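Below you'll find the structure, written out as structure tokens, and then a few comments.
These figures come from a predicted structure and were not determined experimentally. The figures here come from the full heavy-atom set of this structure, side chains too, leaving out hydrogens, waters and symmetry mates. Sequence positions, counted from 1, serve as the residue numbers for this chain.
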Amino acid sequence: MHKAVGGFGGLRVNSRLLIPVPYADPADDYTLLVGDFFNKGHTSLKKILDSGRNLGRCDGVHLNGKVAKGDRKDEPLFTMEAGKTYKYRICNTGIKTSLNVRFQGHTMKLVEMEGSHTMQNDYDSLDVHVGQCFSVLVTANQEPRDYYVVASTRFTRREVTATGIIRYKNGKGAASSELPPPPVGWAWSLNQFRTFRWNLTSNAARPNPQGSYKYGSINITRTIKLANTAQKVDGKLRYALNGVSYVEPTTPLKLAEYYGVADKVFKYDTIPDEPQSDNTKVTLAPIVLNMTHRNFVEIIFENHESAIQSYHLSGYSFFAVGMDVGKWSPEKRMNYNLLDAVSRHTIQVFPNSWSAILLTFDNCGMWNLRSEIWDRHYLGQQLYASVISPNRSLKDEYNLPEGVLTCGIVQGMPRPPPFSS
């Protein structure tokens, strides 16, 4: 709830100096945080959700917490010098609204997406869904004066637009009041997704090329299809995955697992790998998927609702290999991108559509897979993936920190033996 009213910021991760990036050093490196905002405070927003309602539409859109008034008195968000190229790291830090971002009079060259270098295509505008981050290069190649950077809501009944000033050094003249229009419809956004490609010739965090990981030749060991639904339980709205709406247990999941008492707190695989045909009934429970260490897994997000979805998986990057309208079936794999799909950690699912991701569960721990749409997340549209090292080895997972606080049924229990080396 704090995020909804401003509790967020940027955390910039740079490439190691030994690892070259596939573009020249920019003249400056800017962070642009765009998102929706609500006029209500965090306690009021919480009361709305606890009463069994969703948050409704946002009250506005901001760019780095600001909205230009357009009265020629606005201070610039960023400055550029004619002839130079600048890097903008654009993130949608909102809690429920997809946004389209564009620079008045300038194109954007996409170079990175959620930690992965991309093929460097030029775009007039980019749809940035909730939780997603893109890096673009913008060259100051226009007449030196002020220009607007524009963010508009997408897939909402009422379009809301906000602007910020980009100022050329020594430029003269106010920004034109004629703003570049946003795209129309979500088919445009789906087609844009299909243009995103991994840059197979650039380096990753390690010296080897990031595209050297041949994910398309690995056999799938488990397929999990997750369908989102919205239902009322005891008169209150709940959001669910495969018929179960997540609730927090009184003992944290990882503590229960580490202390060997998971069976007293939750059950593994309480949801089926395939959604049932009848999703009208929703039950409340902790949802923990028991994932086999280092298995290669396919996850299908199937959205039967009219609202766009956005999902994030903590602890991992995955390959966003496919996305289309309708229902998913095994034949859809024929159209997967098994060569250069971008490795990322957030994926959107359009209305009455599906999205597919592939990943190896090689990072031990208890990892949250959640809707980035906050009211859906808060009211149950999330789960956890448990990945346990079969060898209890420090090569796979660290021991519980010495000073960690315990609670619930594990409080006062003797600490389990440490993992071996």
Side-chain angles (χ1 to χ4, degrees), residues 4 35-36 38 45 48-49 51-61 92 94-100 125-132 151-161 182-194 225-233 235-246 271 274-282 299-312 320 322-329 332 346-357 369-383:
D36 50 21
F38 293 77
L45 294 174
I48 292 173
L49 295 180
S51 71
R53 296 175 290 148
N54 67 29
L55 297 178
R57 65 190 182 193
C58 66
D59 293 306
V61 175
N92 185 338
I95 64 169
K96 67 178 301 177
T97 311
S98 296
L99 297 172
N100 180 267
S125 69
L126 284 168
D127 273 356
V128 188
H129 304 282
V130 183
Q132 296 181 357
S152 299
T153 58
R154 293 280 277 136
F155 324 118
T156 54
R157 292 181 180 178
R158 179 177 63 94
E159 181 186 300
V160 180
T161 295
V184 177
W186 59 264
W188 182 96
S189 192
L190 173 59
N191 288 329
Q192 183 173 82
F193 164 83
R194 291 170 175 158
K225 187 193 293 186
L226 300 173
N228 51 274
T229 52
Q231 299 290 340
K232 285 194 174 182
V233 179
K236 292 186 176 182
L237 178 63
R238 296 293 302 189
Y239 296 102
L241 292 168
N242 290 6
V244 181
S245 184
Y246 181 86
I271 62 172
E274 180 87 12
Q276 304 301 303
S277 57
D278 181 14
N279 272 329
T280 57
K281 183 180 179 182
V282 168
I299 300 178
I300 313 298
F301 299 101
E302 205 166 72
N303 179 16
H304 302 158
E305 299 182 58
S306 59
I308 190 170
Q309 308 292 315
S310 182
Y311 288 95
H312 171 83
M323 183 182 294
D324 209 343
V325 298
K327 292 186 177 182
W328 182 88
S329 62
K332 304 295 185 181
T346 307
I347 188 69
Q348 73 271 18
V349 194
F350 293 103
N352 299 302
S353 302
W354 58 267
S355 296
I357 64 173
L369 173 62
R370 64 180 178 270
S371 171
E372 284 287 83
I373 313 300
W374 179 247
D375 37 15
R376 303 186 77 96
H377 173 192
Y378 186 84
L379 296 177
Q381 195 171 311
Q382 61 171 314
L383 57 80

- Residue pair V325, W354: steps toward the side chain to side chain contact (heavy atoms under 4.5 Å, CB included) verdict: CA-CA 6 Å; V325 298; W354 58 267; over 6 Å; no
Looking at [X] and [Y], what are the two nearest heavy atoms and their distance?
| X | Y | value |
| --- | --- | --- |
| F193 | A320 | CZ-O, 3.9 Å |
| A4 | I95 | CB-CD1, 3.6 Å |
| V130 | S310 | O-OG, 2.8 Å |
| P183 | W188 | CB-CD2, 3.4 Å |
| N92 | G35 | OD1-CA, 4.0 Å |
| D375 | G56 | OD2-N, 4.4 Å |

- Decide side chain to side chain contact (heavy atoms under 4.5 Å, CB included) for F301 and N228; before the verdict, give the C-alpha distance in whole Å, the side-chain angles of both, and the deciding distance to 0.1 Å. CA-CA 8 Å; F301 299 101; N228 51 274; over 6 Å; no
- Item | side chain to side chain donor-acceptor pair (under 3.5 Å) partner of Q381, chosen from R238, E372, R370, R376 |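 Going through R238, E372, R370, R376 one by one, the side chain to side chain donor-acceptor pair (under 3.5 Å) with Q381 is satisfied by R376 alone.
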Counting N and O atoms only, with roles assigned by atom type, does the side chain of [X] sit under 3.5 Å from a partner on the main chain of [Y], one being a donor and the other an acceptor?
| X | Y | answer |
| --- | --- | --- |
| Q192 | S125 | yes |
| N303 | A307 | yes |
| Q309 | S371 | no |
| T97 | D36 | no |

Taking C-beta and beyond as the side chain, do [X] and [Y] meet within less than 4.5 Å on heavy atoms?
| X | Y | answer |
| --- | --- | --- |
| T153 | V61 | yes |
| I308 | H129 | yes |
| W374 | L45 | no |

- Let me see the working for Q276 and N242 under side chain to side chain donor-acceptor pair (under 3.5 Å), right down to the final yes or no. CA-CA 7 Å; Q276 304 301 303; N242 290 6; over 6 Å; no
- Qualifying residues under ring-ring contact (aromatic ring centres under 6.0 Å, His included), relative to Y246, sequence neighbours excluded: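 With sequence neighbours excluded, Y246 shows a ring-ring contact (aromatic ring centres under 6.0 Å, His included) to Y384, given in chain and number order.
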- Query: L241 pairs by side chain to side chain contact (heavy atoms under 4.5 Å, CB included) with which of L383, T229, L369, V282?
  - Reply: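 When side chain to side chain contact (heavy atoms under 4.5 Å, CB included) is applied between L241 and each of L383, T229, L369, V282, only L383 qualifies.
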[atom1] of [X] to [atom2] of [Y]: how many Å apart, nearest 0.5 Å?
| X | Y | atom1 | atom2 | result |
| --- | --- | --- | --- | --- |
| D324 | K332 | CG | NZ | 6.0 Å |
| L379 | L55 | CG | CG | 8.0 Å |
| I48 | Y378 | CD1 | OH | 11.5 Å |
| T156 | K96 | OG1 | NZ | 11.0 Å |
| W328 | I300 | CH2 | CD1 | 4.5 Å |
| N100 | E159 | CG | CD | 9.0 Å |

- Establish, yes or no, whether a centroid distance under 6.0 Å links the rings of Y311 and H377.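 No, too far apart.
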- Message: Determine whether the aromatic ring centres of residues W186 and F350 are separated by less than 6.0 angstrom.
- Response: yes
- Query: Checking side chain to side chain contact (heavy atoms under 4.5 Å, CB included) for the pair M323/S353: CA distance, chi angles, key distance, verdict?
  - Reply: CA-CA 7 Å; M323 183 182 294; S353 302; 5.9 Å; no
- Message: Within the supplied structure, the quantity of interest is the number of heavy atoms (other residues, nucleotides, ligands) at a distance under 6.0 Å from R57 CZ; does it exceed 12?
- Response: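 Counting other residues, nucleotides and ligands, CZ of R57 stays at 12 neighbours or fewer.
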- Task: Please step through side chain to side chain contact (heavy atoms under 4.5 Å, CB included) for the pair L99 and D127, ending with a clear verdict.
- Result: CA-CA 6 Å; L99 297 172; D127 273 356; over 6 Å; no
